[in-house]
Novice: 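Questions regarding the structure given below will be posed in turn.
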Amino acid sequence: MTVEAKLGQVANYVDERTGAAAFLKKSLRKVFPDHWSFLLGEVALYSFVILLLSGTFLTFWFDPSMREVVYEGAYQPLEGVKMSAAYASALDISFEVRGGLLMRQIHHWAALIFMAAIVAHLLRVFFTGAFRKPREGNWIIGVGLLTLGIVEGFLGYSLPDDLLSGTGIRIAEAIIQAIPVVGSYLSYFAFGGVFPGELFIPRIYIVHVLLLPGAFLALITVHLMLVWYQKHTQYPGPGRTEKNVVGYPLMPMYMAKAGGFFFIVFGVTAFLAAVASINPIWLYGPYTPAQISAGSQPDWYMGWLDGLVRMAPPIETYFFGYTVSWNILIPGLIVPGILFTGMALYPFIESWITGDKREHHLLDRPRNAPNRTALGAMSLTFMMVTLINGGNDLIATHFDLSINQIMWGTRFGVFILPPLAFIITKRLCLSLQRADRELVLHGRETGRLLRMPSGEFVEVHEPISPEKAFVLTSHEQLPALELPAVDARGVKRAGALKNKLRARLSNANAVAIPKVSTEDLKEIESH
Amino acid sequence: MKRLSRFRRHKAAAPLLLIFALLGIGGTFSVASATTANETSAVERSTLIEEGRQIFAKGCSSCHGLNAEGVSVAPSLIGVGAASVDFQVGTGRMPMADMSTQAMRKAPVYNEEEVAALAAYVASLAPGPEIPGMEELNYERDGSTAEGGELFRNNCAMCHNFAGQGGALTQGKYAPTVMGVLPKHIYEAMVTGPQAMPVFNDKTITPEEKLSIIKWIKSAEAEPNLGGASLGRVGPVTEGLLAWTLGLGLLIGVAVWLATKAK
Amino acid sequence: MSNQLEPIKDPGLPAHVHRKTDTDPKAADRAERQVATMFGISALGTVLLIVSYVFVPDDLFIFIPIMGSQNAHQLGLGLGMAISLFFIGLGAIHWAKTLMPDQEVVMQRHEFRSPEEDRKAFVDTVKEGAASSGLGRRSLIKRSLGAALGLSALSPILLLRDLGPLPGPEQKMTNWKSGTYLVTDPGNRRIKASDLEVGSVAQVMPEFANPEERHLDDIAKDALLLIRLRPVEFNLEPDRLAMTHEGIIAFSKICSHMGCAVALYEQTTKHLLCPCHQSTFDVTRAAKVIFGPAARPLPQLDITVDGEGYLIARKPFSEPVGPSFWGREK
C-alpha cells in the first residue's frame with residue numbers, strides 16, 4: 001500500500017472516533033506571520049520542553065534528601081567529606097552516570113535561556129504594543145510565567161544543596177522571617193523548624209518537579225490557545241490590515257520551520273552544555289552555614305534582586321519588642337511587588353491613559369509610541385543598574401574598581417539613570433519620527449551631489465518605494481483625551497483629581513511628530 | 001580614494017570603520033604603554049646577611065627606613081621574619097610599584113639569591129617566621145586533598161573564592177588568585193598574613209593542615225574543567241552573560257535566517 | 001480602516017518573487033541535496049554520541065584550542081548530541097525556505113464579539129438556569145451553602161499545621177553557655193589565648209561532648225569568629241571591652257543582615273566584610289556597621305580563659321544571632 005493510502009487509513013480511524021477532520025481542515029491551513037522577533041516566545045516554549053525532558057532524566061538519579069552521608073564516589077577531592085544525600089546524588093549524576101553531567105548542564109543552560117527568552121519576548125511584546133486589546137489576558141499570563149520561572153529556577157538550582165545555592169536559601173529564609181507578625185511562623189513551617197532543618201530540599205523538590213511544572217503546563221497551554229484563537233499580531237506593511245493576517249500556512253511551511261526551530265534550540269542548548277561548564281557543584285562544596293565564597297551571586301534572573309538588597313539603606317525600626325527590617329522588606333518584597341504588579345496591569349494603565357478601547361492586531365513601531373518605548377527603556381535601565389550592583393564584587397575585581405564606589409554609584413544611579421533614559425529615549429523616538437517624515441516627504445539621501453545650471457549644489461534624493469512610504473505613514477496618532485474639569489453646565493466633575501492626572505498623562509502620551517498628511521504631499525508635489 | 005568613497009554609504013561601512021578605529025586605538029595604547037623589563041644589578045659577593053643589607057640599603061630603605069624601622073609609608077620589618085621577605089619579594093610584590101590600593105604580584109625584581117640574602121638580613125634583625133624547608137613542604141606525602149578542601153572553604157574561600165580565583169575586599173582592595181603560586185609562597189602567606197590577609201598561625205591551622213590546603217589548591221589548579229570550558233570559575237555571573245550572548249545570540253541569528261525569504 | 005488623513009494608500013501585497021528553486025529545477029535539486037546533507041551530518045552527530053558513550057573512556061582528556069584540556073567523553077557526548085539535533089533543525093528550515101511553497105497567504109480575521117442573538121441567548125440561558133436552581137429565591141440554601149463551603153475550606157489549612165513546630169525559645173538561643181570551650185572548626189581542638197597572634201583569625205565552634213552530634217542546625221547559630229588585635233586598637237565601651245580577653249574578641253559569624261557567614265577579615269583596616277551584600281563591620285568598635293545594608297552589629301560573645309589558659313565563653317550571647325525577625329527585641 002502506498003504511503004498516502006496508509007495515511008488515509010489512519011486519518012479515517014481517528015476521524016471516525018473524534019470527528020477531527022472538521023477541526024483540522026481549518027487549522028492546518030491557519031496562517032502565521034513570519035518575523036524573527038516572533039520566534040522569541042518559541043525559544044522559551046522549546047526551552048520549557050527541553051527542561052521537562054532533561055529534568056525527567058535527572059529525577060531518575062537525584063535523591064532529594066538532606067540526610068547526612070559520607071561521600072565515597074569518584075570525585076577524589078571530596079572523598080570522606082560529610083554532605084547531604086542530595087548533594088552526593090548530584091555528584092553521582094555528574095561523575096558516575098554517563099551523560100549525567102551533560103544532562104545537568106543541558107538542564108541548567110536551558111533554564112538560563114528559558115528566562116532570557118521570556119524577557120526578550122516580553123520586551124518585544126511590550127515595545128510593539130502587542131498586549132493591547134484583545135491580548136491583555138495573555139500579557140497577564142505572561143507576567144505570571146515570568147514570575148513562576150524565577151521561582152522555579154531558584155528552587156531548581158537550590159536542589160543540589162551546594163555552598164552557593166545553600167547560601168541563597170539562607171537569604172530566602174531571612175526574607176521570609178523578616179515578614180512582620182507571621183514571618184517566624186512561615187519560616188518554621190517552610191523549613192520544618194529552625195534553619196536549615198532536614199525538610200526543605202524534599203519539599204522544594206515536589207514544588208519544582210510537580211507543582212510548578214503543572215502550573216507552567218496549564219498556563220502555557222492557555223497562553224498558546226489564546227494566540228491560536230486570537231491569531232498572531234503582525235507588523236504594519238503593504239497588504240496588512242487590522243482585519244487580516246498575512247503569512248504562511250501551518251502545513252507545511254510553518255510546521256517545518258517551527259518544528260525545525262525546536263531542534264535548533266535543543267541543538268544550541270546541547271552545544272552550550274558540551275563546551276561551557278555551568279554550575280560546577282563539586283568545586284563549590286556541600287552547603288554548611290559556616291562557609292561562604294567570595295563573589296556569591298544568584299542566577300542572572302535574580303541578579304537584580306541581589307543588587308537591590310545590596311544597595312538598600314540599613315534601616316530597621318524597633319518598637320515594643322518588635323523589629324521591622326525595612327532593609328530586607330523594601331528591596332526583597334515591596335519593590336519587586338510594585339514592579340511586577342505594575343507590569344501585569346500595564347495594558348489597563350495604558351488604555352486608561354490613551355482612552356483607546358479598540359482591538360489592535362497591527363503592531364506599533366516602537367518610535368510611534370514614544371511614551372511607552374521610553375517607559376520600557378526606563379524599566380530596562382532600572383533592571384540593568386540593579387543587575388550591575390548584583391555583580392559589583394566581580395566587576396570590582398575584573399575592572400580594578402572599588403565595591404564601595406560601585407555601590408554608591410548604583411545607589412544614586414538607580415534614581416537618576418532611569419528618568420534620564422526616559423527623556424533620552426523619548427527624544428530619540430521623536431527624532432526618528434521626524435526622520436521618517438523627512439523620508440516620506442523628500443526621499444532618501446543618496447549622497448550624490450548634483451550641480452544645478454544655476455551653480456547651486458544639491459544632494460540628489462531618491463523617492464522611497466510606495467511600500468515603504470505606506471509603512472512610514474500607516475500608524476495612528478491618537479489625540480489627547482478631552483477631560484474637562486467642569487461639564488457643560490459648569491458643574492465640577494466627579495473624580496477631578498483622577499481626571500487631571502489622566503489628562504496630563506494623556507497629553508504627554510500624545511506628543512508626536514505629525515504624520516505626513518495629504519496637504520503635505522500636495523505641497524511637495526507642487527515643487 | 002575615489003573607489004573607496006563609492007562605498008561610504010554601504011551598510012557595512014559604519015561597523016567596519018568602528019572596528020578599524022577600535023583596533024587602531026587599542027593597538028596604539030598597548031604599544032605605547034609597554035613597560036621595559038627590569039635588569040638585575042650585579043651585587044658584590046659577601047656573606048649572605050651583608051649582601052642582604054646592601055641590597056636593602058639600595059632598594060628598600062627609602063620606604064622602610066635605613067634600619068628597617070619603618071617610616072610613615074611603610075611598616076617596620078623588624079620581627080617579620082625571613083618568611084615575609086621571601087613571600088613579598090619572591091612574588092614581586094616588593095618593591096612596591098603602585099602605591100595606591102595594595103601591593104600586586106608582578107615579575108620579581110630580585111633573583112633567588114638576592115631574595116635569600118634579603119630574607120637573611122631581615123631575619124637577622126629579630127626572630128620571626130622562617131622560610132619552610134623542602135621537607136616541611138612535602139604536601140603530596142603529608143597533606144590530604146579532601147581535608148584541604150574543607151579547610152580552604154572554611155578559612156580561605158570567603159576572600160579567595162571557592163576555586164581560589166580571588167575576590168573583592170573593601171575600598172578597591174582584593175584577595176588575589178591563589179592559582180599559579182609556589183607552595184612555599186602559599187605557606188608563607190598563611191603564616192605571615194601579608195597586607196589585608198589575616199595571620200593563620202600554626203596553632204589554629206596546624207602545619208599538616210596547611211599542607212592539606214596547599215595540596216587541595218594544587219589539585220584544583222591541575223583539575224581540568226569537566227563539562228566544558230570554565231567561565232572563570234567565578235559562578236553565575238559569567239554563566240548568565242554567556243547565556244545571553246552566545247545562547248540567545250546564536251538563536252536570534254538562526255531566527256533571522258529562518259524568517260528571511262530564500263533567494 | 002481608511003482614514004482621511006491617510007495620504008498613502010495601501011499598495012497591497014508586494015508581487016510574489018520566485019526563488020531560484022522555483023524556476024530552476026537544477027537549483028531545486030541542489031537544495032534537496034543540501035537538505036539531505038544536513039540530515040546526513042545530523043546522523044553523523046548521533047554516531048559520535050553513540051561512539052563516545054560506549055567506547056570513549058571517561059578519564060581521557062584532550063586539548064582543544066581556546067577551551068584547554070577537555071574530557072573527551074563529555075565533549076563527544078555533548079557535541080554529538082548538539083550536532084544531531086541542530087542539523088535536523090537546519091535541514092528542516094532550509095527545506096521549508098527553499099522547496100516548500102512560499103506564497104504569502106492572506107487570512108481574514110473574524111470579529112470576536114458574538115452575534116447579538118447569541119449573546120442574548122447566553123444571558124437568557126444563564127438567567128434561566130440561575131433562577132431555576134432556586135439559589136436566588138431560597139436564601140436558606142444560599143446562606144447554609146456559604147457556611148458549609150467556607151468551613152470546609154478551613155480543613156486543608158488546618159491540615160498543614162504540622163508542616164513545622166511553632167517558633168520557640170530555641171529561635172533566640174545558641175549552644176554557647178557559660179563555660180563552653182571554644183574549639184577550632186574543623187579539628188575540634190581547644191584554643192589557648194596564646195595560640196593566637198596579633199592579626200590572626202580563627203574559625204570557632206562551641207565544644208560538643210560528642211562532635212558527631214553537631215549538625216548544620218547548630219552550626220547555623222553557633223559559628224563564631226575569633227580575632228586578635230592589640231588591646232590599644234580597640235575603641236570599645238567598658239562593658240564591651242570586658243568581654244574581650246587580651247586583645248582577643250569574639251563575634252558571631254552569622255551575618256546580622258541575612259545570615260551569610262561573615263569571615264572576611266581585613267587585617268589592615270580591622271574590618272569584617274560579608275561577601276553576600278557587602279555589609280562592612282568595624283571590629284574595633286564591636287562590629288559596628290560602617291557600610292552596606294546590615295542594620296545591626298554582629299553579636300559579641302563574652303570570652304575569658306580557664307585555669308590552663310584555654311578560651312571559654314563566660315556567658316551566652318546576650319541577643320539572638322543571625323538575621324532579624326518580628327519578635328526580636330532590640
Side-chain angles (χ1 to χ4, degrees), chain A residues 31 98-99 102 167 170-171 174 177 180-181 183-184 188-189 192-196 231 238-239 243-246 249 252-253 256-257 259-260 263-264 266-267 270-271 273-274 288-292 294 296 309-310 312 314 316 318 321-323 325 327 403 466-467 469-470 473 516-518 521, chain C residues 1 5 7-8 10-14 53 67 74-75 77-79 81-82 85-86 88-89 92-93 95-96 100 104-109 112 163-167 170-171 185 203 216-217 219-220 223 253 258-261 275-278 289 291 293-295 323-330:
Chain A
V31 166
R98 275 176 292 183
L102 180 68
T167 307
R170 173 85 249 218
I171 294 172
Q177 89 177 15
V181 184
S184 300
Y188 267 62
F189 285 159
V194 297
F195 177 86
K231 305 198 198 359
K243 296 256 188 249
N244 69 13
V245 189
V246 178
M253 181 67 125
K257 279 191 173 181
F263 286 95
I264 297 280
F266 207 156
F271 174 69
T288 156
Q291 290 175 4
I292 189 82
S296 288
V309 170
R310 288 179 188 206
E316 277 186 352
Y318 315 97
Y322 298 114
T323 302
S325 303
N327 56 348
I403 54 173
E467 283 82 19
F470 177 66
T473 53
V516 171
S517 66
T518 339
L521 272 182
Chain C
M1 179 196 296
L5 284 175
I8 302 195
D10 180 355
L13 276 180
Y53 192 98
M67 284 167 58
Q74 300 284 3
L75 200 58
L77 281 179
L79 282 180
M81 191 175 206
L85 292 163
F86 188 81
I88 294 179
I93 296 172
W95 175 14
M100 292 187 185
E104 278 192 320
V105 175
V106 181
M107 193 166 84
Q108 294 306 317
R109 291 186 191 267
F112 292 123
L163 271 178
L166 290 178
E170 77 286 335
Q171 193 187 26
D185 169 38
Q203 320 294 329
L216 294 187
D217 290 1
I219 297 175
K253 202 161 113 172
M258 293 176 108
C260 295
C276 285
H277 308 108
Q278 277 90 51
V289 181
F291 184 81
S324 302
F325 47 92
W326 171 254
R328 189 185 195 284
E329 294 180 12
K330 171 64 173 148

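Each chain gets a letter, A, B and so on, in the order the sequences are listed, and its residues count up from 1.
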Novice: Looking at chain C, which one of A/F195, A/F271, A/F189, A/F266 has the largest number of heavy-atom pairs inside 4.5 Å, strictly under?
Specialist: A/F189
Novice: Taking every non-hydrogen pair under 4.5 Å, which of C/G12, C/G89, C/A261, C/P167 racks up the most with chain A?
Specialist: C/P167
Novice: Counting heavy-atom pairs under 4.5 Å to chain C, which of A/I403, A/V245, A/T167 comes out on top?
Specialist: A/V245
Novice: Only pairs of heavy atoms separated by less than 4.5 Å count here; which of C/V289, C/D185, C/I88 has the most with chain A?
Specialist: C/I88
Novice: Which one, C/P14, C/P165, C/A223, leads in non-hydrogen pairs under 4.5 Å with chain A?
Specialist: C/P165
Novice: Heavy-atom pairs under 4.5 Å with chain C - which of A/P180, A/G183, A/A273 has more of them than the others?
Specialist: A/P180
Novice: Pick whichever of C/M67, C/Q278, C/E329 has the most heavy-atom pairs under 4.5 Å with chain A.
Specialist: C/Q278
Novice: At what distance, to the nearest 0.5 angstrom, does CG of C/L163 lie from OH of A/Y188?
Specialist: 14.5 Å
Novice: Flag the one option from C/P293, C/A220, C/A96 with the top tally of heavy-atom pairs under 4.5 Å to chain A.
Specialist: C/P293
Novice: Quick check on the interface: out of A/S296, A/A274, A/S325, A/P249, who has the most heavy-atom pairs with chain C under 4.5 Å?
Specialist: A/A274
Novice: With chain C, which of A/A256, A/P289, A/G193, A/A294 has the greatest number of heavy-atom pairs at distances under 4.5 Å?
Specialist: A/P289
Novice: Is there a donor-acceptor pair closer than 3.5 Å between any side-chain N or O of C/E104 and the backbone N or O of C/L13?
Specialist: no
